[in-house]
Protein chains: 2
Amino acid sequence: MKPTTIYDVAREAGVSIASVSNAINGKGKIGKKKREEILKVMERLNYQPSVIASALTGKKTYTLGLLIPDVANPFFAEIARAVEDIAHSAGYSVITCSTDNQDERVLAYIRLLEQKSVDGILIGTGGGADILAQLAEKPLPTVTIAREVQGLPVSGVATDDFRGATLAAAHLLALGHRRMAVLAEDLKVSSSQERVRGFRFSLFEAGIRLEDRDILPCASSIEDGKRATLELLRREDRPTAVFCSNELLAVGALQAAREAGISVPAELSVVGYDNTLLSTATNPLLTTIAQPIEQMVKLAFELLIGSGQESAGLVPQRIVMQPELVERESTAMPGTAELD
Amino acid sequence: MKPTTIYDVAREAGVSIASVSNAINGKGKIGKKKREEILKVMERLNYQPSVIASALTGKKTYTLGLLIPDVANPFFAEIARAVEDIAHSAGYSVITCSTDNQDERVLAYIRLLEQKSVDGILIGTGGGADILAQLAEKPLPTVTIAREVQGLPVSGVATDDFRGATLAAAHLLALGHRRMAVLAEDLKVSSSQERVRGFRFSLFEAGIRLEDRDILPCASSIEDGKRATLELLRREDRPTAVFCSNELLAVGALQAAREAGISVPAELSVVGYDNTLLSTATNPLLTTIAQPIEQMVKLAFELLIGSGQESAGLVPQRIVMQPELVERESTAMPGTAELD
DNA sequence: CCAAAAGGGTAAAGCGCTTAACCTAATATT
DNA sequence: AATATTAGGTTAAGCGCTTTACCCTTTTGG
């Protein structure tokens, strides 16, 4: 009841296993005619080559690791989907690893991926900077996606988070906002830092000073965004706008406003980040900063798979893409009367 | 620059590779003392056993396949996360496969998983019933999750979808609704069928007949839910409530109502299904039917992993869990004046 | 017409690990 | 004291595949 092996095929076709192997891979010495025959036998026997065995022989496993904070977070779910699609179309499969940005988890997963001899790792997770840095030593191709890792000199693709924040700030500034705050997810993650920096910078250029108390560190959840916003709204000089470093937080902000009886965007503008399906589920629809996920993933994949080949040891490449402002309904001039 | 192998460890420790292997796996003949020594050497050499090689020897690959329609769909993203967590805690990793409910994709992925010799497959996808049915023949442990597959006599865990729909119907009925419609995602999927059946049944028992035209087949997307709802709202005798077989559709319904200037829940009640984070992002918050994802996944995993052992060939087990109604804000008595 | 190069195919050596069979020395049994 | 166990280790045979080195026909060119 064992699955068919290359031996079965060879026997049935009356050739050596070497020929079968050659026929499968289309290389080595093999006549066109014989090849057809073998292929036919394979078909008949419903033969499936074992990736395991072929990997052991020093070839690739055609498996990739994807490290992200959490697949249940819509942004990363979208990334996971994009990665899966492009990987699959190239014959790879991907092992998704949700790290929750926790060092131990990152470490455990990296070990695992090593043991499984994946052909490469896509890093979209935060946390474990020092741990991740070790990856540089390993012979494991690595590419970062949507973030950078301090001290990890590998290729990667990201969007310009500083610029994204700048876009958000400009939009809010143009609407006339002066008192603003930012909800910042996990500040250990570079992308989050950049977002804060960019926002602060833009405000600074406009002559507005963003105080430390206006930057609220949050966990990455709706609940936490709500909590932080509620706190913000309780202030005497409450801000007229909040910039959230991701959409979960933005949804939380919306909820908080609603609970506090403060209307968005009339009394409070909120802009999110990532443009996931969440931004399209809220009411009002979220104004947000979009990242070109598909393209990022595509490029990252190419860097990763390509990096095994000629470019091994080449200078790491960092591609940075441009974010875009998607204007929807959650932003307006401060103090605007509600339209409907 | 090759990674350390079992030979390196054996040489360094002055023992045979068999002993190293025994030391690692804690079985076979090996003295306590020698074992410690070997472990120490492994540590020092930073040795990581190759899962590939050990799998080839007939052991397990410690990899699972997860077939779902789409990881980017919040419900399945949550399932994927739960699966990942429990699998990881048991030493397994999982290859997520988004099939979009398309037969070719299902087929391709199954082939792939076979070639990779996964230890088991978790099926949460729709589509490819006939293709999936073949799985029964294979020596590949399979368990369905959150759905059944016609003609696939394998174990599985699901929630009682019929009952879930019944809960929704009872709620709506109790509120006084008479004219209702349902937005049904892909009717090829058993869970969707059951949901429709259950809803229809409850209405029937209450003396209300659900016409075919009141059951709108939809693709699984916000857009499509919106489209269908818009159509519904254009009718003369438009329904006062919609039951959506998933949350994406429910969000679409909400959007449609808003666009049509119909207020929810005052003029239209909508109930969703799945209780994902979407239901908590909308405004009004979605009344919905919740499935116990964590538990389902846990049980499914146990069935899958356990099924390799003693129970091989045993009668397939089907566990069914109970759904719950989560009452939020999107439902109310028909014709109710808005409260705020 | 013969040597040389091609073309087509095969045997066999691994890849890194597990395990059954086997061996040896120490301990238990009568 | 002689034999039977047992504990602790080792050897070697694979697992299913790739690939190198080698061999045997055909062509081909001079």
Side-chain angles (χ1 to χ4, degrees), chain A residues 1-39 41-42 45-63 91 111-112 114-119 139, chain B residues 1-39 41-42 45-63 91 111-112 114-119 139:
Chain A
M1 204 23 190
K2 293 268 170 188
T4 333
T5 77
I6 200 173
Y7 287 95
D8 302 323
V9 177
R11 182 167 1 90
E12 194 74 8
V15 296
S16 71
I17 59 165
S19 291
V20 177
S21 177
N22 288 337
I24 296 170
N25 304 302
K27 47 180 178 174
K29 293 88 177 299
I30 182 78
K32 198 159 163 45
K33 207 177 146 197
K34 203 124 225 167
R35 177 145 192 277
E36 299 288 308
E37 276 177 43
I38 296 178
L39 256 19
V41 175
M42 284 174 34
L45 265 45
N46 199 354
Y47 166 68
Q48 311 261 79
S50 156
V51 176
I52 297 290
S54 98
L56 187 55
T57 320
K59 296 226 319 179
K60 327 210 296 180
T61 53
Y62 286 98
T63 304
R111 273 219 192 316
L112 197 84
E114 268 186 292
Q115 295 184 180
K116 297 227 163 138
S117 317
V118 296
D119 294 337
Chain B
M1 204 22 189
K2 292 266 171 190
T4 333
T5 77
I6 200 173
Y7 287 94
D8 301 324
V9 177
R11 185 170 355 95
E12 194 74 8
V15 296
S16 71
I17 59 166
S19 291
V20 178
S21 176
N22 287 336
I24 296 171
N25 304 303
K27 47 179 180 176
K29 294 89 179 295
I30 182 79
K32 198 159 163 41
K33 209 178 139 194
K34 201 123 229 167
R35 176 146 193 276
E36 299 289 307
E37 277 177 44
I38 296 178
L39 257 18
V41 175
M42 282 172 38
L45 266 46
N46 199 354
Y47 166 68
Q48 312 262 76
S50 156
V51 176
I52 296 292
S54 98
L56 186 56
T57 319
K59 296 226 318 177
K60 326 210 296 180
T61 52
Y62 286 98
T63 304
R111 272 217 193 317
L112 197 84
E114 268 187 294
Q115 295 184 176
K116 298 224 163 140
S117 317
V118 295
D119 294 336

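Convention: sequence-line order gives letters A, B, ...; per-chain numbering from 1. Being a predicted model, the structure only gives us computed values, none of them experimental. Every heavy atom of this structure was used, including side-chain atoms; hydrogens, water molecules and symmetry mates were not.
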What does nucleotides 14-25 of chain D look like as a protein-contact string, B for base, S for sugar-phosphate only, - for none, at under 4.0 angstrom between heavy atoms?
BBBBBB------
Do Thr61(B) side-chain atoms and Ala55(B) backbone N/O form a donor-acceptor pair below 3.5 Å?
no
Spacing of CD1 belonging to Ile6(A) relative to CD belonging to Gln48(A), to within rounding of 0.5 Å
13.5 Å
Roughly how far, to the nearest 0.5 Å, is CD1 of Ile17(B) from CZ of Arg11(B)?
11.5 Å
Between dA25(C) (P) and Lys34(B) (NZ): distance, integer Å
14 Å
Could you give the CD1-to-P distance, from Ile30(B) to dT18(C), as a whole number of Å?
13 Å
Any donor-acceptor pair under 3.5 Å linking the side-chain atoms of Thr63(A) with those of Lys116(B)?
yes
Do Thr57(B) side-chain atoms and Lys59(B) backbone N/O form a donor-acceptor pair below 3.5 Å?
no
